[in-house]
Amino acid sequence: MNKLHKAKILITGANGLLGQKLVQLILQEGEYELLPSGLGDSRFPEDWQVENWISMDIRDPQQVQNVFDQFQPDYLIHTAAMTNVDQCEQELEACKDLNINAVHHLVSACEKHHTHMIHLSTDFIFDGEAGPYDEEAAPNPVNFYGWTKLEAERIIERSNIKSAIVRTVLVYGVANDMSRSNIILWVKESLEQGKKIQVVNDQVRTPTLAEDLAKGCLQIIKKNAVGKFNISGKDLLTPYDMAIATAEYFDLDKSLISETDSQHFKQIAQRPMRTGFIINKAFQELDYRPKSFMDGIGILSKQLKLADS
Ligand SMILES: NC(=O)C1=CN([C@@H]2O[C@H](COP(=O)(O)OP(=O)(O)OC[C@H]3O[C@@H](n4cnc5c(N)ncnc54)[C@H](OP(=O)(O)O)[C@@H]3O)[C@@H](O)[C@H]2O)C=CC1
Ligand SMILES: Cc1cn([C@H]2C[C@H](O)[C@@H](COP(=O)(O)OP(=O)(O)O[C@H]3O[C@@H](C)C(=O)[C@@H](O)[C@H]3O)O2)c(=O)[nH]c1=O
């Protein structure tokens, strides 16, 4: 690639939590030509002054093909998905269309344009019987969301495109006009409103700061890495641990948090009990260095203060 040509990165789901962090990071780097895309209009803060934006519904193969033919991306960071796990359990066709069929369209476009695909996947491809997991563990999803994300991985692995699969866990952070919350924000807001919450103490995760995940994805591009990578936080915690840590950090009323377990706390979709990731491969091959959970809360707290000022 000649020096004048900046490598081109297309992002799907750029209005999402990870999507917005990727846009911020890549714009700050200034080394790439960026094309953020999503459903409808961009929802970035005004002051980002992002010129490029393309509305691309990834469920429509024609829209995908048109965008790829026009932009001819060197890299695709595919973050868009139906990420509400309970909604996936209830809207099977819609979930399949977005989490599986759309990946077929993106892979075909990547094949045609020799685009290197960085695809976001999840700990929910595992059954949670033997976490924390490394990249070679045997998947066995326990809910429909996890099954669709595993099928998506398989489509990519069966293709002959250049690809990296980034698996992550319980992403937290604050972004603009978010379409869903995440555990720290939800605990903080509930306690600030004086609401009692029940939080499970028998699920295990390695919660991931959205900024760290974005950095991990960009490292893959910088190192032209291929294959599977666990990119998550490094602390193994239960949601109850996370809720207590959040209450302590923001000096909120811990007595509003009651401990429960997965037998009593029922969600529509089953959650894998013990997941979490071993991240040695990303540490060694991508120089990936995630923040601790407490430092992650600190970063989120600063961003919330900035947003309120
Ligand atoms: N969040 C988490 O805890 C985890 C996430 N992951 C994976 O990481 C990825 C990013 O997650 P996260 O940032 O939380 O996701 P978000 O739900 O925040 O963002 C997903 C984005 O996809 C967009 N989208 C929905 N439908 C379409 C469509 N038809 N065409 C184009 N874009 C669409 C949404 O648009 P709109 O904003 O308009 O709804 C949204 O901006 C996902 O693939 C997810 O499976 C993996 C493990 C954990
Ligand atoms: C809402 C709620 C959640 N929890 C627990 C259950 C769960 O372990 C954790 C997070 O619950 P949620 O339902 O908010 O999040 P959940 O849907 O479990 O999050 C998943 O999202 C998808 C996209 C992924 O890929 C997974 O990695 C994971 O992050 O908090 C409680 O204990 N009490 C509650 O009231």
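Just so you know, ligand 1 is whichever comes first in the structure, and atom 1 is the first atom listed for that ligand. Just so it is clear, the model here is predicted, and its values are computed rather than measured.
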> Is Tyr172 touching ligand 1 with its side chain, its backbone, both, or neither, if touching means heavy atoms under 4.0 Å apart?
Replying inline: neither
> Distance-only, no hydrogens or angles: does the Arg59 side chain make a donor-acceptor pair with backbone N or O of Ala102 under 3.5 Å?
Replying inline: no
> atom 13 (O) of ligand 1: which protein heavy atom is closest, and how many Å away?
Replying inline: Leu18 N, 2.9 Å
> What atoms in ligand 1 come closer than 4.0 Å to a heavy atom of Arg59?
Replying inline: 29 (N)
> Taking heavy atoms and a distance under 4.0 Å, where does Lys149 meet ligand 1: side chain, backbone, both or neither?
Replying inline: side chain
> Is the gap between the ring centers of Phe44 and Trp53 under 6.0 Å?
Replying inline: yes
>> For atom 42 (C) of ligand 1, tell me which residue out of Ile77, Thr79, Leu120 has the closest non-hydrogen atom.
In response: Thr79
> Are any of the protein's heavy atoms under 4.0 angstrom from atom 16 (P) of ligand 2, yes or no?
Replying inline: yes
> Relative to ligand 1, is Leu17 under 4.0 angstrom through side chain, backbone, both or neither, heavy atoms considered?
Replying inline: both
> Judged by non-hydrogen atoms, does Ile197 sit under 4.0 Å from ligand 2?
Replying inline: no
> Quick one: do Arg289 and Asp212 make a salt bridge, cutoff under 4.0 Å?
Replying inline: no
>> Any carboxylate oxygen within less than 4.0 angstrom of a Lys/Arg side-chain nitrogen, looking at Glu29 and Lys222?
In response: yes
> Considering distance alone, does some N or O of Val169 sit under 3.5 Å from an N or O of ligand 2?
Replying inline: no
>> Need the ligand 1 atom indices (1-based, order shown) with element for anything under 4.0 Å from a heavy-atom of Tyr145.
In response: 6 (N), 44 (C), 45 (O), 46 (C)
>> Under a 3.5 Å threshold, yes or no: a donor from one side chain and an acceptor from the other, between Asp202 and Ser262?
In response: yes
> Taking Lys291 as the fixed residue, which of Lys234, Glu211, Lys215 is the one that meets the side-chain contact (heavy atoms from CB on, under 4.5 Å) rule?
Replying inline: Lys215
> What protein heavy atom sits nearest atom 15 (O) of ligand 1, and how far away is it?
Replying inline: Thr83 CG2, 3.5 Å
>> Tell me whether the count of non-hydrogen atoms from other residues, nucleotides or ligands lying under 6.0 Å of NZ in Lys96 goes above 12.
In response: no
>> I'd like to know if Ala102 contacts ligand 1, where contact means a heavy-atom distance under 4.0 Å to any ligand atom.
In response: no
> Are any of the N or O atoms of Thr83 closer than 3.5 Å to those of ligand 2?
Replying inline: no
>> Looking at ligand 2, is there an atom of it that comes within less than 4.0 Å of some heavy atom belonging to Gln87?
In response: no
> What are the atoms of ligand 1, with element, lying closer than 4.0 Å to any heavy atom of Asp57?
Replying inline: 28 (C), 29 (N), 30 (N)
> For atom 31 (C) of ligand 1, which candidate among Met56, Met82, Arg180 provides the closest heavy atom?
Replying inline: Met56
>> If I apply the N/O under 3.5 Å rule, does Phe124 come out as touching ligand 2?
In response: no
>> Per the ring pair (Phe, Tyr, Trp, His ring centres under 6.0 Å) rule, what does the pair list look like for residues 80-119, sequence neighbours excluded?
In response: Tyr75-His116, His78-His119
> Does Tyr145 have a non-hydrogen atom less than 4.0 Å from ligand 2?
Replying inline: yes
>> Among all protein heavy atoms in this structure, tell me which lies nearest to atom 48 (C) of ligand 1, with the distance rounded to 0.1 Å.
In response: Leu170 N, 3.7 Å
>> Using a 4.0 Å heavy-atom cut-off, which part of Leu98 comes near ligand 1: side chain, backbone, both, or neither?
In response: side chain
> Do Leu236 and Tyr288 share a hydrophobic cluster, counting only Ile, Leu, Val, Met, Phe, Trp and Tyr and linking them when any side-chain heavy atoms are less than 4.5 Å apart?
Replying inline: no
> For atom 19 (O) of ligand 1, which protein heavy atom lies nearest, and how many Å away is it?
Replying inline: Gly16 CA, 3.4 Å
> For atom 37 (O) of ligand 1, what's the nearest protein heavy atom and its distance?
Replying inline: Arg43 NH2, 2.7 Å
>> Can you tell me how far apart CG (Leu191) and CG (Leu256) are? Round to the nearest 0.5 Å.
In response: 5.5 Å
> Would you say ligand 2 has an N or O under 3.5 Å from any N or O of Gln203?
Replying inline: yes
>> What protein heavy atom lies closest to atom 28 (C) of ligand 1? Include the residue and the distance to one decimal.
In response: Leu39 CG, 3.5 Å
>> Using 0.5 Å steps for rounding, measure from the CG atom of Asp97 to the OG1 atom of Thr148.
In response: 11.5 Å
> Should we count CG of Asp41 as having more than 12 external heavy atoms under 6.0 Å?
Replying inline: no
